[in-house]
Amino acid sequence: MKQTNNHFLLIGLPETGKTSFLAALWYMVSQSNIEFGLGLDHLEGDSQYLNLIRDAWSEYRPVPRNKAETEKPVAMWLKDRKTDSVGRLSFPDLSGEDFRSQWTHRQLLASFDKSLQEAAGGVLFVHPDSIIKPIRIDIINAAVEGIGGDKPKKAKIKDSPWDSEKSPTQVQLVDILQFMASRSYFQAPFRLAVVVSAWDRVHPQERRPSDWIAVELPLLKQFLESNEELFEVSFYGVSAQGARYALPHFWAGNFNDAEPFAKRIFEHQDAISAWIWGKLDSTSQETIGLINAGNKATELQKKALAKDFNGLMAGQDFYEEARFSEVDLRPETESLLRNGVLQNEEKRLYLARFLLEDAYPNELSREREHQQEASELEKKLPPNRVIVVGDEVQVHNDATEPIQWLIR
Amino acid sequence: MSTQPPAATPTAPDKPQIVADSGTTVDLLAEGKALEFINLPLGKELTDVEALELAKSRPMQWIVLAGPIDSGKTTLLTSLYELFQWKKVKGFAFAGSTTLPAFEERCYLSRRDSGNVVPHTRRTLYEGPDPKYLHLRIRSTTGLRPFTDFLFTDVSGELFEHARDSVTECKEMLFLKRAHHFLLFLDSAKGVQQGRWAMADDCKALLRSCMDSEMIWEDCIVNVVWSRFDYFMAKEAEDGHKLFRNEVEKEFRKTFARLGPRLKFSQIAARPLEKPDLHMGYGVQALLDQWAATPLEMKARDLFPTSFSGLRESELFAARHFSSTTANEANE
């Protein structure tokens with residue numbers, strides 16, 4: 001066995017797909033009957049968290065986010081099945097918020113610094129949906145005027161203090177990389193696999209991930225190109241989920257043709273409707289009244305109503321046995337209740353949605369957002385659901401590709 | 001986990017210090033155990049001493065932005081930075097900055113997220129005769145792809161108003177001696193109003209004061225910049241504007257004939273609200289090309305001339321550095 005003792009890190013701001021990637025990776029490297037590029041040599045630490053996120057991934061549920069303060073550091077020793085090279089991929093007890101606090105609070109967890117000392121490379125995650133761009137007011141105004149809008153009137157300047165959390169993503173990432181390169185122990189070239197998560201949502205998918213970075217995060221791309229002696233970079237587009245899930249959340253589409261549902265809530269003659277009516281904010285009550293009267297609500301109103309309903313469903317007080325005593329529950333709902341899902345923050349929303357659908361069997365649509373997309377995904381075998389693209393990629397459903405490049 | 005704010009002073013990167021829950025800062029290595037946080041450099045504008053420290057590590061182009069209050073000095077810096085953010089610079093790529101948070105803070109009020117509908121740059125406050133600096137590192141995208149580091153002054157126009165009226169005050173501005181480029185801002189917004197001749201005379205007086213006090217280095221390029229040039233372009237048809245500019249430039253050439261070809265004139269509209277079709281950063285690329293093309297002939301020790309013998313922190317730093325440089329050279 002060629003043990004390179006290479007140590008690699010996962011790096012990224014909050015909600016950039018690190019945990020989903022890890023879940024898919026854990027699934028793939030622990031498979032025996034299907035061989036991906038890397039296999040698990042051994043694991044350092046406890047596999048409980050990895051199993052938890054893998055289960056969520058397998059069940060098409062959002063993976064629980066890394067809770068830095070409760071998780072112990074875990075590291076996978078991964079072996080390249082072709083070359084026998086071994087690399088150590090560690091995910092220190094560092095959440096995306098910790099990476100962000102490097103920028104916002106100018107602080108770094110000492111444990112990350114220690115991991116960094118041992119690291120020969122890392123995977124840097126960016127997510128198309130969570131990018132903050134440096135949008136200038138003059139550009140917006142010019143665009144508005146360009147489509148016939150009015151020139152903005154002279155307005156009093158809001159001299160609000162700088163909010164560092166609103167700084168562009170590309171600036172925050174450059175700052176993280178600059179800091180890494182400035183450490184006395186930093187050894188160049190540091191291998192960096194830049195992963196664009198949720199690649200299934202990038203259009204057109206024929207785009208090269210490096211081109212996507214050049215357009216969406218040009219400052220980061222320039223920085224990496226200018227500092228090629230410090231960072232050896234390879235770009236990847238990865239969809240660890242494979243597609244969007246059909247989640248139990250309410251969405252605007254649930255309130256199209258929702259007059260019967262709105263009528264029951266508006267009249268609130270039964271215990272559940274009365275409870276919901278009392279919990280909705282006044283704007284949502286107005287929207288319910290509007291739909292009940294046969295009018296169409298705007299997208300904005302429907303979205304706000306959906307948000308309010310999602311808040312109710314997430315609350316610990318949503319279920320009360322007496323309130324639902326008259327409802328004919330389906331077996332799945334009863335099973336979830338028996339299995340203590342009410343106490344499980346990650347799954348509670350699924351149960352709440354089932355309960356509502358049982359309580360309003362003829363009034364509430366069971367349609368979920370992204371249902372079609374999710375159905376297509378569920379038809380695929382788990383090993384085939386991941387999408388991986390990039391100039392160096394050989395197998396386009398193998399989540400281990402970026403790690404293979406690091407170990408190579 | 002500690003939510004303590006970081007210490008006010010950036011920590012030297014090779015001596016990590018840690019903030020414990022108590023808020024006390026302890027030495028990581030001395031304690032021999034990993035506590036929670038390492039303080040990172042704040043990334044704010046650099047002091048004179050910090051800028052000199054940075055200049056010890058690699059050659060710098062020192063760019064002094066001089067001019068009255070609200071003449072567009074900081075807006076020029078933010079637009080240069082924004083041009084890199086949107087990859088609108090030809091021939092150069094962004095390569096880093098030790099003052100990213102400082103740039104971001106200055107850009108904030110011209111961004112949508114600030115909640116404003118009209119872009120704005122916060123006025124730089126007067127904080128005494130020592131300047132603050134912003135750092136930018138770029139790399140050519142052609143040829144041998146050399147790096148160029150810039151240190152831009154970001155000081156209040158008030159400081160230059162003091163210097164304009166007093167050679168003694170001007171001599172206090174030691175940073176002027178380090179400048180490879182001295183940019184003197186003439187505000188075009190005032191150039192289309194009554195009182196424009198006084199504005200031009202004031203700027204001329206500032207340059208004269210800097211020259212008479214011998215604070216401008218003999219190879220320094222003096223660039224008279226018509227800032228907010230969109231004001232002229234929007235009103236070009238009106239009588240007298242072009243004539244005004246020609247007369248002002250003629251007067252500068254005559255008064256400062258000793259500068260010869262080192263006296264230049266430029267036009268910029270960093271944020272052309274009066275003529276949006278000019279686009280952000282009009283004229284900024286030309287300035288950057290000029291700066292990057294300037295050979296760095298100034299030796300490191302020229303940053304610390306022996307005549308700097310005061311008691312300001314930067315002067316003491318300079319004296320220490322200069323004496324060690326001289327001693328090393330003598331030993332060689």
Side-chain angles (χ1 to χ4, degrees), chain A residues 68-69 98 101-103 105-114 132-142 145-146 151-168 170-172 174-175 177-179 181-184 214-215 218-223 225-227, chain B residues 1-6 10 13-14 16 18-19 28 34-43 82 84-87 89 92-98 100-101 103-120 122 137-139 141 145 147 271-273 276-277 279-280:
Chain A
E69 66 278 12
D98 291 316
S101 87
Q102 284 193 39
W103 171 256
H105 293 90
R106 316 303 295 169
Q107 288 181 325
L108 173 78
L109 272 181
S111 58
F112 179 66
D113 192 56
K114 189 169 176 290
I132 304 172
K133 290 199 171 191
I135 305 290
R136 292 170 55 98
I137 297 164
D138 51 349
I139 290 174
I140 295 175
N141 292 347
E145 283 180 58
K151 199 173 175 175
K153 291 173 186 161
K154 294 269 181 198
K156 196 179 173 195
I157 300 293
K158 287 183 196 165
D159 197 10
S160 46
W162 175 49
D163 183 349
S164 58
E165 285 205 13
K166 292 178 178 170
S167 294
Q170 56 183 0
V171 174
Q172 298 189 38
V174 165
D175 196 63
L177 296 176
Q178 279 192 152
F179 166 74
S182 75
R183 303 302 281 167
S184 56
V215 171
L219 197 80
L220 175 66
K221 188 75 178 345
Q222 290 175 71
F223 176 81
E225 284 173 350
S226 294
N227 292 289
Chain B
M1 189 177 294
S2 169
T3 53
Q4 293 287 338
D14 56 342
I18 292 187
V19 178
L28 169 66
L35 295 180
E36 286 189 316
F37 293 113
I38 293 174
N39 287 338
L40 305 181
L42 297 180
E82 294 275 26
F84 280 106
Q85 291 249 14
W86 290 96
K87 203 176 187 309
V89 180
F92 301 100
F94 172 83
S97 167
T98 60
L100 278 179
F103 271 115
E104 280 299 314
E105 191 168 7
R106 282 158 179 74
C107 289
Y108 186 60
L109 295 181
S110 61
R111 298 251 181 87
R112 178 192 60 182
D113 288 335
S114 70
N116 282 310
V117 292
V118 176
H120 180 62
R122 185 173 290 134
R137 182 171 171 82
I138 63 171
R139 189 171 194 179
T141 54
R145 300 177 61 215
F147 285 100
R271 197 167 53 209
L273 297 179
D277 54 324
H279 300 298
M280 171 187 73

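Lettering follows sequence order; numbering is per chain, from 1.
Looking at B/F103, there are no atoms closer than 4.5 Å to chain A (heavy atoms on both sides), in backbone or side chain. Only the side chain of A/F179 comes within less than 4.5 Å of a heavy atom in chain B; its backbone stays farther off. Of the atoms belonging to A/P161, it is backbone heavy atoms, and not side-chain ones, that fall under 4.5 Å from chain B. Looking at B/R112, the atoms closer than 4.5 Å to chain A (heavy atoms on both sides) sit in the backbone and in the side chain alike. Contact annotation for B/R106: neither backbone nor side-chain heavy atoms come within less than 4.5 Å of a heavy atom of chain A. Contacts of A/I132 with chain B are made by side-chain atoms alone, with heavy-atom separations under 4.5 Å and no backbone atom involved.
A donor-acceptor distance shorter than 3.5 angstrom exists from the side chain of A/K158 to the backbone of B/G115, with no hydrogens or angles considered. A distance-only check finds no donor-acceptor pair linking the side chain of B/S110 to the backbone of A/R136 [under 3.5 Å]. Checked by atom type and distance alone, the side chain of A/Q170 pairs as donor or acceptor with a backbone atom of B/Q85 at under 3.5 Å. With A/W103 contributing its side chain and B/P101 its backbone, the two residues share no donor-acceptor pair below 3.5 Å. Remark: the backbone N or O of B/V117 is paired with a side-chain donor or acceptor of A/N141 at under 3.5 angstrom. Side-chain N or O atoms of A/Q222 include one that pairs as donor or acceptor with a backbone N or O of B/F84 at under 3.5 Å.
The distance from the CD atom of B/E105 to the OG atom of A/S167 is 9.5 Å, given to the nearest 0.5 Å. Considering CG of B/D113 and OG of A/S160, their distance stands at 10.0 Å, rounded to 0.5 Å. With values rounded to the nearest 0.5 angstrom, A/Q107 atom CD is found 10.5 Å from B/I38 atom CD1. Put simply, CD on B/E82 and CD1 on A/I139 are 7.5 Å apart, with the number rounded to the nearest 0.5 Å. Between the CD1 atom of B/I138 and the OG atom of A/S226 there is a distance of 9.0 Å, given to the nearest 0.5 Å. Separation of atoms OG (B/S114) and CD1 (A/I135) is listed at 12.5 Å; rounding is to 0.5 Å.
When all heavy atoms of B/M280 and A/D138 are compared, the closest pair comes out as CB-OD2, 4.4 Å. When all heavy atoms of B/L40 and A/Q102 are compared, the closest pair comes out as CD1-O, 3.6 Å.
Options A/D175, A/D163, A/V174 differ in how many heavy-atom pairs under 4.5 Å they form with chain B, and the most are formed by A/D163.
A/Q178 has its side chain within reach of B/L100: a pair of non-hydrogen atoms, C-beta onward, lies under 4.5 Å apart.
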Review point. Would A/L109 and B/F37 satisfy side chain to side chain contact (heavy atoms under 4.5 Å, CB included), going step by step from the backbone distance to the final call?
Key: CA-CA 5 Å; A/L109 272 181; B/F37 293 113; 3.5 Å; yes
